[in-house]
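Worksheet: the structure to be examined is printed underneath.
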Amino acid sequence: MQTKEFKAESKRLLDMMINSIYTHKEIFLRELISNASDAIDKLYFKSLTDTSMGINKDDLSIELAADKENRTLTVSDNGIGMTEQELEDNLGTIANSGSFKFKKDNELGDDVDIIGQFGVGFYSTFMVAKEVTVITKAFGSDKAYKWQSNGVDGYTVEEAEKDTVGTTIILSLKDNTEDENYDKFLDQYQLKSLVKKYSDYIRFPIRMDVEHTNYTDEESEPTKEIVHETLNSMTPIWKRSKTELTDEDYNNFYTEKFMDYTPPIAHIHSKNEGLATYDALLYIPARAPFDYYSKDFEKGLQLYSSGVMIMEKCADLLPDWFSFVKGLVDSEDLSLNISRELLQHDKQLKVIAKNLERSIKNELTKMLKNDREKYLKFYETFGLQFKFGIYQSYGSAKDTLEDLLMFPSSFEGKQVTLAEYVSRMKEDQKDIYYACGESIARIEALPQLERVKEKGYEVLYLTHDVDEFAVKVMMKYKDHPFKSISDGDLDLESEEEKEQAKKTAEESKEMFEFMTKSLDGKVKEVRLSSKLKSHPVCLSAEGNITIEMEKVLSAMPQNEHEDVKATKVMELNASHPIFAKLKELYVSDKDKLAEYTKLLYSQALLIEGLSIDDPVEFANLICGLMV
Ligand code: ADP
């Protein structure tokens, strides 16, 4: 027996691998179980073509045994085992994957799934073990071998005694330190829950002796018994056929897995082959988690590689606008040992993510079409996310989301989609009209709205802060630009009205200039309005910043937007009696006209929901009028 150096010589490399690839020490068990499962797969695969081997599928299993006294954890399998040469090749060289070689040698296509593909999994045992012993007997060989290493000084290989084919791996756990209690890997509850968490869907039973305490009645002492228990459930629900599953099955799985006791409103179970092969089971929850609209919320789907969980929350699988979706993806195309960083660049993962996005969209579209009530409820809970999505993606999510949006509208006071709006557009109508305000009631009181409605145009009511930002980013829906009813020119008048307005504007030109000046830079211009009916005055904005945006930005907590102001225009209604009064004052009393201008401006601010610049001055002017 001689001690051999690891082939990938550098101990530092090993050290780095052990301490940095895996952030969770506990995954060593997942790695060992996956290796064991692979080994059983290989043996079983061989037996399918060679019936003389006498392999009975029911006898194949993985066994765990914890020995608290000696502080060892043993994982055994009755899989294919390793020859002396294989021990050397597989466990002596870092990053040499025997599984990969097996696949190549047997010219197996991708349809044979053998989990390990990376060749470092086994070494993760050194995160928890100070010494690892592997005793193995290969199928077809009459000799068994023992491989032993402390992970630092190389390894030894010698002949050993073993009756049955397969591999037994014995971990001698590290001593407990202040930071890490390795004894927990001997605790039956811990081991059970680790198997459940990572290896529940391994196709072969994983068994362990588990101590049960039976309380028969209150008087007598509880009795203890040892049960050889199977810890994993083996067939994942998402691998089963849709036709054999009921809604109840899906909902029960959801509740158990995601700890949400309200049943989901929809599930999507998809099996995909082609560019990417995967099974996905997604859920649309009925309620938002309490932290959904906070910074603490983490989106993501669970990621499995052939039934083995490799990531609890893979964020890259979901776009932000569908971040409410819960579920999992299982793909054989992904390596078990892939790290978060590598995963981000994984092409397969990108394909899967794109497909999932499409499935979720289709599911929601279907819901909107077939069960509007349900969709409205859903939209009330999560719809805001779509608008943020459009805004934050600078419009790249528009195609995905535009048909899922809903807004309250002047049409029967109901929530409508953009497609519905367009279907009702008047023949001469080019634009999609919208109005902003903090509530529907507030919007309906806007002076500008009257004229647009009178013309028979439907108006969307944008009541949320993000709404107008989203609409601005979208610019148009199909070929119809969005247009705020507070925008300068709505082009609502007939030719005749336009002529008349032009004349009035010319006549009042000097008065408007005087009024603009008396507002001292607060407005860019005072001019005639085409959109007022019974109100004397309103404000509109020119340029990119609308009045609504100014409101939203100035209400933000860390206000870096203090100087972001809309370029305002004060519009007057020429057919209102006040207008005649103003004209009169322009001739007889310019001081009074200046005061009235300020009053009108303040009124317009109030109607828009903005605060007035100088409340005391405003109050004094009103008092003046009253006296
Ligand atoms: P991977 O499993 O990713 O290939 P590992 O470092 O975990 O890499 O294992 C290296 C190789 O050792 C495996 O590919 C396999 O050939 C062999 N091996 C590991 N564990 C077992 C086992 N329990 N039975 C048989 N062979 C094993």
Side-chain angles (χ1 to χ4, degrees), residues 6-8 13-14 17-18 21-22 27-47 55 60-65 73-106 108 112-129 132-141 143-149 151 155 157 160 162 164-171 198-199 202-204 206 305-308 310 332-339 342:
F6 285 114
K7 279 219 189 95
L13 178 65
L14 192 61
M17 198 285 301
I18 291 171
I21 288 195
Y22 301 114
I27 60 94
F28 82 90
L29 188 62
R30 175 192 84 180
E31 299 295 321
L32 287 183
I33 290 175
S34 294
N35 279 349
S37 164
D38 276 359
I40 297 176
D41 255 343
K42 288 175 196 169
L43 186 70
Y44 184 61
F45 175 74
K46 252 190 170 35
S47 78
I55 301 291
L60 300 169
S61 73
I62 298 162
E63 304 286 333
L64 304 186
L73 176 65
T74 303
V75 180
S76 337
D77 65 71
N78 49 6
I80 198 158
M82 282 177 272
T83 63
E84 186 180 16
Q85 188 60 45
E86 282 167 341
L87 263 182
E88 291 261 350
D89 292 348
N90 294 337
L91 305 187
T93 311
I94 298 174
N96 175 42
S97 173
S99 298
F100 186 68
K101 190 164 178 299
F102 179 86
K103 223 165 164 173
K104 263 208 330 233
D105 289 353
N106 287 275
L108 300 180
V112 175
D113 60 344
I114 288 172
I115 300 167
Q117 283 163 9
F118 206 60
V120 288
F122 173 77
Y123 291 95
S124 65
T125 51
F126 290 109
M127 293 192 294
V128 299
V132 177
T133 307
V134 180
I135 302 169
T136 184
K137 187 175 186 179
F139 175 79
S141 154
K143 280 188 181 161
Y145 293 90
K146 177 161 116 183
W147 179 102
Q148 207 160 32
S149 171
Y155 60 96
V157 179
K162 189 176 189 309
T164 51
V165 168
T167 304
T168 298
I169 295 175
I170 306 155
L171 309 184
Y198 293 109
S199 313
I202 291 287
R203 287 193 304 278
F204 305 101
I206 303 164
S305 158
S306 300
V308 180
I310 55 176
E332 15 183 291
D333 298 341
L334 298 167
S335 154
L336 187 59
N337 296 302
I338 198 160
S339 72
L342 284 175

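Counting convention: from 1, in listed order, for ligands and their atoms alike. The shown structure was predicted, so the numbers you read here are calculated from the model rather than taken from an experiment. Numbering starts at 1 and runs along the sequence shown.
- Considering backbone and side-chain atoms alike, G81 places every N or O at 3.5 Å or more from each N or O of ligand 1.
- Considering backbone and side-chain N/O atoms, D77 comes within less than 3.5 Å of an N/O atom of ligand 1.
- To the nearest 0.5 Å, atom CG of residue D77 and atom CD1 of residue I169 are 7.0 Å apart.
- Proximity of M82 to ligand 1 is established by a heavy-atom distance of less than 4.0 Å.
- For the side-chain contact (heavy atoms from CB on, under 4.5 Å) test, residues two or more places apart in sequence or in another chain that qualify with V165 are F139.
- Contacts between E31 and ligand 1, counted as non-hydrogen atom pairs separated by less than 4.0 Å, are absent for every part of the residue.
- In this structure, OG1 on T136 lies 12.0 Å from CH2 on W147, to the nearest 0.5 angstrom.
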**Report entry** Steps toward side-chain hydrogen bond (donor to acceptor under 3.5 Å, both in side chains) verdict (Y123, E31)
**Finding:** CA-CA 9 Å; Y123 291 95; E31 299 295 321; over 6 Å; no

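- Not a single N or O atom of Y123, backbone or side chain, sits closer than 3.5 Å to an N or O atom of ligand 1.
- Every heavy atom of I80 sits 4.0 Å or more from the atoms of ligand 1.
- Remark: ligand 1 atoms within the under-4.0 Å shell around heavy atoms of L91 are 12 (O).
- When the ring-ring contact (aromatic ring centres under 6.0 Å, His included) test is applied to Y145, no partner is found at least two apart in sequence or on another chain.
- Not a single heavy atom of E86 lies less than 4.0 angstrom from ligand 1.
- The line from CG of L43 to CD1 of I55 is 4.0 Å long, rounded to the nearest 0.5 Å.
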